[in-house]
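One structure is given here, and the rest of the page talks about it.
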Amino acid sequence: MTTELVDYWQNYIDGKWVDGSDGGRIKVFNPADNSVLAEVAQGTAKDVDAAVAAARRVVASRALVDMRPMDRGRMVIDMGRKLRERKEQLAQLLTLDAGKRISEAMGELEGAAKYFEFYGGMADKIEGRYIPLGDGYVDYVVPVPYGVTAHIIPWNFPNNMIARSLAPALAAGNAAVIKAPELDPLTCYVFADLAREVGFPDGTVNIITGYGPEAGAALASHPDVDQIVFTGSVATGVSIMKSAAENVVPCVMELGGKSPGIVFPDADMENMVANMQAGIFMNSGQVCDAQSRLLAHADVYDEVVERMVAATEALKIGPGIEDSDITPLISPEQLNRVENYAQIGIQEGARAVTGGKRIDGMDGNYMQPTILADVTADMRVNQEEIFGPVLTVSKFETAEEALAIANGTEYGLAATVFTNDLDKAIWMTERLEAGQVHVNEWGVGGNETPFGGFKKSGIGREKGAEALASYYQSKNVGFKRLSRQG
Ligand code: NAI
Ligand code: MG
């Protein structure tokens, strides 16, 4: 097998590979058997300082803003092309590191490559404007990159999440410090190669591996960081925003969800099952917009449960490298958390119609794909993000009741409505509190469409043309003519 696996990766700071300042190392495991795959440097606050300083030097040199945006954009596009050339080997490594199925790893890398193409193509379309102020005045607005951007990356889609923020940051003319996820950092280093190969100056892209409370917190609270992008848990997001508040730094936050799929009696049931399966079992449910709640109309409730159980019990469980449907969770801790939630649901009165426990007798972090039926609105399993292959099913009688359950959590990331009744679909899409509302397909959209959360699911938007605006601020420039000419 060809992967890009090496035994030990260092931090990448100012164009050089360097050990952690304390010489510490973090072991990186394969979730399919918990064997050690490699080690990475344990980045420290001192390493973060060095990385931020390197990025600051690039910003101060004006190298990125003085470049013609069309040329900068071409470099960003080239990063995407080069990433695609390495897609197969990287997908193998991502599968070993993150546990995910190989076809999804390929999809993740393809999606990552597309972000560079999409935002690279926008670099020369970030325009200012002229504001008329009457005789004797010239006034215009200039888009100005923030400067040093910090990217704190989660483990569920490490490459995709880096590309999603790095591509627009570079397109807009920023330098970047990336904090790679400690659980699966091994593919993240490719972005160092890409930035160097296309000719970005040393220090434009820096990558630190380290623990969240150490390297992550040091980056989030660094006084010389100008903008922060984070995807992960609400608790960590809140702590990062508190640090950012001290420094008055803007944040883009993507904080997960409890996204419902809502099934009306007239829905195409085969399509619904296929989409609910993908929505909850992709990446074994470790997906921010996982469709973790199924709300079924009373008339079809029993049929919906039956169909979902049948489809779920047909899933193949095994390592990602075999392209299994259900792959191991990222860590033993995540498995404990997910199994614990399934048990909480059962104690709260939910009925485990399939699954409910970890899979004994397999070395890796395998959770049974689980469906908890008869879940009610107040149960914790209906309220809290589980982040594993656990689907809850709840019954509703009216569209109003479905809405109340759907909107009745602190999250608001995504929602899907399954119906062929156009009026009902429109009525629901108007009222669902979510940044992404889909009809008849989970996750309609792509690199081109804005993505983000209502309520505690986040602040700001990633993806699409909209997201680019998070990476620059405006400078208004005004002139007064002092004398009459001619
Ligand atoms: P987390 O939010 O703590 O970790 C995400 C990233 O933040 C990692 O790179 C981590 O090193 C970093 N981090 C952790 N603490 C930090 C701090 N104090 N300051 C700065 N950076 C910090 O999530 P974790 O613990 O890995 O997973 C726990 C739960 O979070 C999951 O079960 C899931 O519910 C949720 N989560 C949601 C994600 C999403 O896509 N929305 C992604 C990852 C986790
Ligand atoms: Mg790993």
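Reckoned from all heavy atoms, side chains included, excluding hydrogens, waters and symmetry mates. Counting convention: from 1, in listed order, for ligands and their atoms alike.
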> Does the gap between the ring centers of Trp155 and Phe387 come in under 6.0 Å?
Replying inline: yes
>> For Lys357 and Gln343: C-alpha separation, side-chain torsions, deciding distance, then whether side chain to side chain contact (heavy atoms under 4.5 Å, CB included) applies.
In response: CA-CA 8 Å; Lys357 292 206 270 298; Gln343 294 302 313; 3.8 Å; yes
>> Treating Lys258 as the side-chain partner and Val381 as the backbone partner, does any N or O pair qualify as donor plus acceptor under 3.5 Å?
In response: yes
> Under 4.0 Å from atom 1 (P) of ligand 1, do we find at least one protein heavy atom?
Replying inline: yes
> Quick one: which ligand 1 atoms are inside 4.0 Å of a heavy atom on Gln334?
Replying inline: 31 (C), 32 (O)
> Do side-chain atoms of Asn11 reach the backbone of Ile208 as a donor and acceptor pair under 3.5 angstrom?
Replying inline: no
>> Taking 4.0 angstrom as the limit and counting only heavy atoms of Pro154, give me the atoms of ligand 1 inside it, by number and element.
In response: 42 (C), 43 (C)
>> Could you tell me, atom by atom, which parts of ligand 1 come under 4.0 Å of a heavy atom of Glu182?
In response: 8 (C), 9 (O), 10 (C), 11 (O)
>> Taking 4.0 Å as the limit for heavy-atom contacts, which would you say applies to Gln286 with ligand 1: side chain only, backbone only, both, or neither?
In response: neither
> Does Arg293 reach the main-chain N or O of Ala406 with its side chain, forming a donor-acceptor pair under 3.5 Å?
Replying inline: yes
> So which protein heavy atom does atom 14 (C) of ligand 1 come closest to, and at what separation?
Replying inline: Gly212 CA, 3.4 Å
>> For a quick test of reading the model, state the closest non-hydrogen atom pair linking Val205 to Ile178 and the distance between them.
In response: CG1-CD1, 4.0 Å
> Counting each atom of ligand 1 from 1 as listed, which ones have a heavy atom of Ala217 under 4.0 Å away?
Replying inline: 19 (N), 20 (C)
>> Which of the numbered atoms in ligand 1 are under 4.0 angstrom from any heavy atom belonging to Gly256?
In response: 41 (N)
>> Restricting to non-hydrogen atoms, name the atom on Lys179 and the atom on Gly212 that form the minimum distance, rounded to 0.1 Å.
In response: NZ-N, 4.1 Å
> What do the steps show when you test Glu462 against Arg164 for salt bridge (Lys or Arg N to Asp or Glu O under 4.0 Å), and what is the final call?
Replying inline: CA-CA 7 Å; Glu462 313 250 28; Arg164 186 167 92 169; 3.4 Å; yes
>> Can you name the atoms of ligand 1, numbered from 1 with element, that are less than 4.0 Å from a heavy atom of Glu385?
In response: 33 (C), 34 (O), 35 (C), 37 (C)
> Just which atoms of ligand 1 are under 4.0 Å from any heavy atom in Ile153?
Replying inline: 6 (C), 8 (C), 9 (O)
>> Please list the nearest protein heavy atom to atom 26 (O) of ligand 1 with its residue and the distance rounded to 0.1 Å.
In response: Trp155 NE1, 2.6 Å
> In Å and rounded to the nearest 0.5 Å, what is the CD to CD1 distance from Gln368 to Ile326?
Replying inline: 10.5 Å
> Going by the angle between their ring planes, with limits at 30° and 60°, are Trp17 and Trp9 parallel, tilted or perpendicular?
Replying inline: tilted
> Thinking salt bridges, do Glu117 and Arg84 make one under a 4.0 Å N-O criterion?
Replying inline: yes
>> Counting non-hydrogen protein atoms only, what is the nearest one to atom 28 (C) of ligand 1? Give residue, atom name and distance.
In response: Arg337 NH1, 4.3 Å
> Which option, Leu183, Val234, Thr236, owns the non-hydrogen atom nearest atom 3 (O) of ligand 1?
Replying inline: Thr236
>> For Thr409, is there any backbone N or O sitting under 3.5 Å from a side-chain donor or acceptor partner on Lys455?
In response: yes
>> I need the nearest protein heavy-atom contact for atom 30 (O) of ligand 1: residue, atom name and distance, please.
In response: Ser233 CB, 3.1 Å
> At what distance is the nearest protein heavy atom to atom 20 (C) of ligand 1, and which residue and atom is it?
Replying inline: Gly216 C, 3.1 Å
> Which atoms of ligand 1 are found less than 4.0 Å from any heavy atom of Lys179?
Replying inline: 9 (O), 10 (C), 11 (O)
>> Suppose we measure from atom 44 (C) of ligand 1 to each protein heavy atom; which comes out shortest, and what is that distance?
In response: Phe387 CE2, 3.9 Å
>> Return the closest protein heavy atom for atom 7 (O) of ligand 1 as residue, atom name and distance.
In response: Phe230 CE1, 3.3 Å
>> Suppose we measure from atom 40 (O) of ligand 1 to each protein heavy atom; which comes out shortest, and what is that distance?
In response: Asn156 ND2, 3.0 Å
